[in-house]
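Heads up, the thing below is written out as structure tokens.
Sequence lines set the chain letters: A, B, ... in the order given, protein chains first and strands last, and positions in each chain run from 1. Bear in mind the structure is a predicted one, so any value in this text is a computation, not a measurement.
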Amino acid sequence: MTTVKEALHSTAACDSIFLAGWVRTRRDSKAFSFLELNDGSCLKGIQVVADAGIPGYDDITKMTTGASVRVEGKLIPSQGAGQAWEVQAQSLTLVGSADESYPLQKKGHTLEFLRSIAHLRARSNLFGAVFRTRSRMTMAVHEFFQSRGFVNVHTPIITASDCEGAGEMFRVTTLGQGSAAKPEGDFFGKNAYLTVSGQLEAETFACALGKVYTFGPTFRAENSNTSRHAAEFWMIEPEVAFCDLHGDMDLAEAHVKHMVKVMLTDCVEDLEFFSKFVDKELIARLKFVAERPFQRVTYTDAVEILLQSGQQFEYPVEYGANLQSEHERYLTEKHFQCPVTVFNYPKEIKPFYMRLNEDGKTVAAMDLLIPGIGELIGGSQREERLEVLQANMERHGVKEEDYWWYVDLRKYGTVPHAGYGMGFERLLMFVTGVGNIRDVIPYARTPGSAEF
RNA sequence: UCCGGCGUAGCUCAGCGGCAGAGCGGGUGGCUGUUAACCACUAGGUCGUAGGUUCGAUCCCUACCGCCGGAGCCA
């Protein structure tokens, strides 16, 4: 069997071709019909010409939009404008009909409606393109790290650490609802949760294998209702031994650039579709990002830029406070007009594991901000000095006995090391131009929503 | 969770304190190497849910539910 993609890219006619897919639209003449057949292998469908009387033509009225069909025929140059090749069918087989209740119409639908039929939306042009892109970007992540000698580590999904500082956690239990049993009586003998980050475990492997990365699902039980947050998302977390913050920032920028370059070279047809129907500036922006160096600015300088900007912000700019979304947007969209890495944040607003700088006031943290999305990457150099780490834990109210294995890393052959987390869906939003995280993941999990 | 907006036909929306509307999609017929085809006809509604005001509520008020946008949390 040939895919539609292969057929459309054919360099020569072919006497015998087999295709199977779903009907996008049909136009009937008295003596023949046109079927547009799409099989998901690429954005475009192929035009099938079926003369009345060929085997299977009796079912032509049932080959409506959404029906699945097999076609046997010849690949020939098209007589009509609009396509180079078409299939002259010699026989048609109706595999599965789709009656008039099939919800995907030939016309455009809103993203909100398509979310309500997420089990069918991958059959639309946009979502077919999104999920082909998602697949290619998945491979690009592995290519990027594997080509640099990184080892992929599968960190656990279920964890017993209940305060990793990355957000609220989902509880994992086999106890019945309202059970009075103590955690000791639960499956793991203690409270267990879905992971909010594989970082701490990844650090242990970096301190053995050198350069590692994780790429897997991550869960946050935050009651977040935004276009950039999901309760279940995929995160990429590299962790590198003998690496400082600057090496970490170099890696993060190279990572983003690599992903963008793969998008530009390997997803051309889908990218052109996004650029035409989702975001007209997309291709220009991706080329810009692929070619230009990113900006880097310390938190202190960023605050100064914001104070000097003359902009009226809803929230005041203040040293020592977190940068608000509007501040980050100003930096990346207005001031620098390109991706920006902000680094060296005040220690008070960052978690216990980040490395204290020589000034005693800031930590070696960094956020990579991109236009339109905001924070794509958050990372840091990790505190490798035992006494300093212990003091940080004390200050953050983190109990050492809960993290004895993490502390052990600093007792036995400790090394400077650094890493970051990249939200895979946020990256997809950036490279596709799609504005809502719910539309770059097959079945979005958000507060109050776990259908499908 | 907070602020704002929206829930009317399968979809996108208009409407109005007094008989429920359009475009698209669907169905039927016609026509054509067609391209989101075209032409004609046609079916399709508990106006989100529950209360309240009113002679009368899809319309005004309240609560709830859902969705969208923004904020916070973060990736």
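Counted by atom type alone, Gln88(A) and Asp51(A) present one or more donor-acceptor pairs between their side chains at under 3.5 Å. No hydrogens or angles considered: nothing links the side chains of Thr25(A) and Glu36(A) as a donor-acceptor pair under 3.5 Å. For Asn436(A) and Arg228(A), the side-chain atoms include no donor-acceptor pair closer than 3.5 Å. Between Thr155(A) and Glu201(A), the side chains place no donor N or O within less than 3.5 Å of an acceptor N or O (distance only, hydrogens not considered). The closest side-chain donor-acceptor pair between Ser380(A) and Arg382(A) falls under 3.5 angstrom. A donor-acceptor contact under 3.5 angstrom links the side chains of Tyr420(A) and His255(A), judged on distance only.
As judged by a 4.0 angstrom heavy-atom cut-off over every strand, Tyr315(A) is placed among residues touching the sugar-phosphate backbone only. Within the nucleic acid shown, Ile370(A) has no heavy atom closer than 4.0 Å to any nucleic acid atom. Within 4.0 Å of Arg228(A), counting heavy atoms only, lies at least one base atom of the nucleic acid. Across all strands, Ser33(A) comes closer than 4.0 Å to no nucleic acid atom at all (heavy-atom distances). Using a 4.0 Å heavy-atom cutoff across all strands shown, Ile377(A) reaches sugar-phosphate atoms only and no base atom. When heavy atoms are screened at a 4.0 angstrom cut-off, Glu425(A) is found touching no nucleic acid atom at all. Gly421(A) comes within 4.0 angstrom of sugar-phosphate atoms only, judged by non-hydrogen atoms across all strands, and of no base. The residue Thr226(A) sits close to a base: some heavy atom pair falls under 4.0 Å. Residue contacts for Leu376(A): at a heavy-atom cut-off of 4.0 Å it reaches the sugar-phosphate backbone alone, with no base atom in range. Heavy atoms of Glu232(A) sit nowhere under 4.0 angstrom from any nucleic acid atom. As judged by a 4.0 angstrom heavy-atom cut-off over every strand, Gly374(A) is placed among residues making no nucleic acid contact. In this structure, Gln79(A) reaches the bases: a heavy-atom distance under 4.0 Å links it to at least one base atom across the strands shown. Here Arg329(A) lies in heavy-atom contact (under 4.0 Å) with sugar-phosphate atoms only. Across all strands shown, Gln324(A) has heavy atoms under 4.0 Å from sugar-phosphate atoms exclusively, and none from any base.
Taking the side chain of His229(A) as heavy atoms from C-beta on, and the options A75(B), C73(B), G26(B), the nearest nucleotide is C73(B). Residue Asn225(A) places its side chain closer to U1(B) than to any other of U12(B), U1(B), G25(B). Nearest nucleotide to the side chain of Phe34(A), out of G33(B), C24(B), A75(B): G33(B). Considering only side-chain atoms of Arg27(A), the nucleotide from A75(B), G70(B), A37(B) that sits closest is A37(B). Closest to the side chain of Glu375(A), out of A75(B), U34(B), A36(B), is A75(B). Taking every side-chain heavy atom of Glu86(A) into account, U34(B) is the closest of U1(B), C73(B), U34(B). With C73(B), C68(B), U1(B) as the choices, the nucleotide that has an atom nearest any side-chain atom of Asn223(A) turns out to be U1(B). Across A75(B), U34(B), G26(B), the shortest atom-to-atom separation from the side chain of Glu100(A) is found for G26(B).
Ranked by how close their nearest RNA chain B nucleotide is to the 5' end, Trp234(A) and Ser78(A) are led by Ser78(A). Toward the 5' end of RNA chain B, the nearer of the two residues Pro103(A) and Asn436(A), judged by each one's closest nucleotide, is Pro103(A).
OP1 or OP2 of U12(B) lies within a sub-4.0 Å distance of a side-chain N or O belonging to Thr110(A). The side chain of Lys106(A) contributes no N or O atom lying less than 4.0 Å from OP1 or OP2 of C24(B). Residue Ser325(A) places at least one side-chain N or O under 4.0 Å from the OP1 or OP2 atom of G72(B). Remark: Arg426(A) is not in phosphate contact with C74(B), judged by side-chain N or O atoms under 4.0 Å from OP1 or OP2.
C11(B) and G30(B) have their C1' atoms separated by 27 Å, given to the nearest Å. Distance noted for atom P between G21(B) and U46(B): 15 Å (whole Å). Taking the P atom of each, G66(B) and G29(B) are spaced 45 Å apart, rounded to whole Å. Taking the C1' atom of each, C61(B) and U53(B) are spaced 7 Å apart, rounded to whole Å. When the C1' atom is compared between U1(B) and C55(B), the two are found 44 Å apart, to the nearest whole Å. The same atom, P, is picked in G48(B) and in C41(B); the two are 31 Å apart, to the nearest Å. Spacing of C1' atoms, G5(B) relative to G44(B), comes out at 29 Å, to the nearest Å. The same atom, C1', is picked in C64(B) and in G23(B); the two are 33 Å apart, to the nearest Å.
Between the side chain of Ser224(A) and the base of C73(B) there is at least one donor-acceptor pair of N/O atoms closer than 3.5 Å. Looking at Glu222(A), its side chain has no donor and acceptor atom pair within 3.5 Å of the base of U1(B). Under 3.5 Å, the side chain of Gln83(A) and the base of U35(B) form at least one donor-acceptor pair of N or O atoms.
Note: Phe113(A) and His109(A) have tilted aromatic rings, judged against thresholds of 30 and 60 degrees for the angle between ring planes.
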Mind running side-chain contact (heavy atoms from CB on, under 4.5 Å) on Glu237(A) and Tyr213(A) for me, showing each step along the way? CA-CA 5 Å; Glu237(A) 297 183 285; Tyr213(A) 69 105; over 6 Å; no

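Glycosidic conformation at C41(B) (O4'-C1'-N9-C4 for purines, O4'-C1'-N1-C2 for pyrimidines): anti, more than 90° from 0.
Checking C60(B) for Watson-Crick or G-U wobble geometry (two distances, each under 3.5 Å) identifies G52(B) as its partner. Both distances falling under 3.5 Å, in either a Watson-Crick or a G-U wobble arrangement, place G23(B) opposite C11(B). In this structure G66(B) sits in a base pair with C6(B), meeting the Watson-Crick or G-U test at under 3.5 Å. Of all nucleotides present, only A40(B) satisfies the Watson-Crick or G-U wobble test against U28(B), with each distance under 3.5 Å. Partner assigned to U1(B) is A71(B), using Watson-Crick or G-U wobble distances below 3.5 angstrom.
Atom CG in Leu323(A) sits about 14 Å away from atom P in A75(B), given to the nearest Å. Taking atom CG of Leu35(A) as the reference point, atom P of U34(B) lies 16 Å away to the nearest angstrom. The separation between Arg26(A) atom CZ and C38(B) atom C1' is 16 Å, rounded to whole Å. As a whole-Å value, the separation of Leu114(A) CG from C68(B) P is 12 Å. Taking atom CD on Glu328(A) and atom P on C74(B), their separation rounds to 11 Å, with Å as the unit. At whole-Å resolution of the value, CD1 in Ile117(A) and P in G25(B) are 17 Å apart.
Remark: ring of Phe32(A) does not overlap the six-membered base ring of G33(B) in a stacked fashion, as centroids less than 5.5 Å apart with planes less than 30° apart are not both met.
Arg355(A) has its side chain out of reach of Val363(A): every pair of non-hydrogen atoms, C-beta onward, lies at least 4.5 Å apart. When side chains are defined from C-beta on, Ser41(A) does not count as touching Arg132(A), because their heavy atoms never get closer than 4.5 Å.
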